[in-house]
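Working notes, beginning with the structure itself.
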Amino acid sequence: MTKKSRILDQLTRNYLFAVVRGKNVTDGVRISEACCQGGLKNIEVTYTTPQAGEVIRQLSDSITDEEVVIGAGTVLDDITARDAILSGAKFVVSPHFDAKISEVCNRYAIPYLPGCGSVTEIIQAMENGSDVVKLFPGGLLGASYIKDVHGPIPDVEMMPSGGVSIDNLDQWIGNGAWGVGVGSALTRHVATDGYESVTVEAKKFVDKVAEIKKS
Ligand SMILES: O=C(O)C(=O)C[C@H](O)[C@H](O)COP(=O)(O)O
């Protein structure tokens, strides 16, 4: 198995991606650690977080659980992608498709999950070597979008992000999502109840996925 396939394999096994938007380095690290404590294992540190590369570096050093995969999100250009990868990111996510990001990720054998919102973008991403795309904004496209696209294009995997909640998880899983990205739903109580609330919310998602996959 290649390095890229090994990472993708681990990511889909973990299934849930915690989309982390910290206010600063410490906040980014604390949110990510709280997510891990709740059982989330794919940590997507977004580049809206100041010094996101430093967050990725600190997490890569401190987290010893080998199933945890630290990656980067909201990567808008190839320079940011390189910074993320050299900081230790094992996957790169962006809200759009960018051929130069794809090139950098392929150079380092790191999976690139570009944000796609149309079939044309999905095909373009596949042609540039992405096996998995991020459906963005997931909430706007709707869960049946996956099934509809899988009719003509059965060989692309899709990871919805944006608008994923506990209440629509079953629809995403039922329609064949390869994984799902969850952001604001994890941090909705952090301002009032602290980082422990992130762990509580993370656990709810982990339990819900286990319950849906079992049924
Ligand atoms: O910038 C990116 O690369 C993104 O991933 C966009 C969104 O911030 C996430 O998809 C999380 O969205 P919510 O779960 O609705 O908060």
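Positions are given from 1, in the same order as the sequence printed here. Every number for a ligand or one of its atoms is a count from 1 in the order of the listing.
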Exercise. Decide, yes or no, whether a salt bridge links K214 with E211 under the criterion of side-chain N to carboxylate O below 4.0 Å.
Key: no

Self-check item: N-O pairing of D207 and K203 below 4.0 Å
Solution: yes

Nearest protein heavy-atom contact for [atom]: which residue, which atom, what distance?
atom: atom 12 (O) of ligand 1; result: G162 CA, 3.4 Å
atom: atom 16 (O) of ligand 1; result: S184 OG, 2.7 Å
atom: atom 10 (O) of ligand 1; result: S161 OG, 2.6 Å
atom: atom 1 (O) of ligand 1; result: T74 OG1, 2.8 Å

Practice problem: Determine yes or no for a side-chain-to-main-chain donor-acceptor pair under 3.5 angstrom, with D61 supplying the side chain and I56 the backbone. | Solution: no

Practice problem: Taking S87 for its side chain and E54 for its backbone only, find out whether a donor-acceptor pair lies under 3.5 Å. | Solution: no

Self-check item: Any R107 side-chain heavy atom under 4.5 Å of V104 side chain
Solution: yes

Quiz item: Does the side chain of T80 pick up a donor-acceptor pair with the side chain of D77 at under 3.5 Å?
Solution: yes

Only heavy atoms of [X], strictly under 4.0 Å: list the atoms of ligand 1 that pass.
X: E44; result: 5 (O)
X: R21; result: 1 (O), 2 (C), 4 (C), 6 (C), 7 (C), 8 (O)
X: K134; result: 2 (C), 3 (O), 4 (C), 5 (O), 6 (C)
X: F136; result: 6 (C), 7 (C), 10 (O)

Practice problem: Compare every heavy atom of V75 with every heavy atom of S94, then report the nearest pair and how far apart it is. | Solution: CB-O, 2.9 Å

Quiz item: Do any nitrogen or oxygen atoms of G183 lie less than 3.5 angstrom from nitrogen or oxygen atoms of ligand 1?
Solution: yes

Quiz item: Is there a heavy atom of G163 sitting under 4.0 angstrom from any atom of ligand 1?
Solution: yes

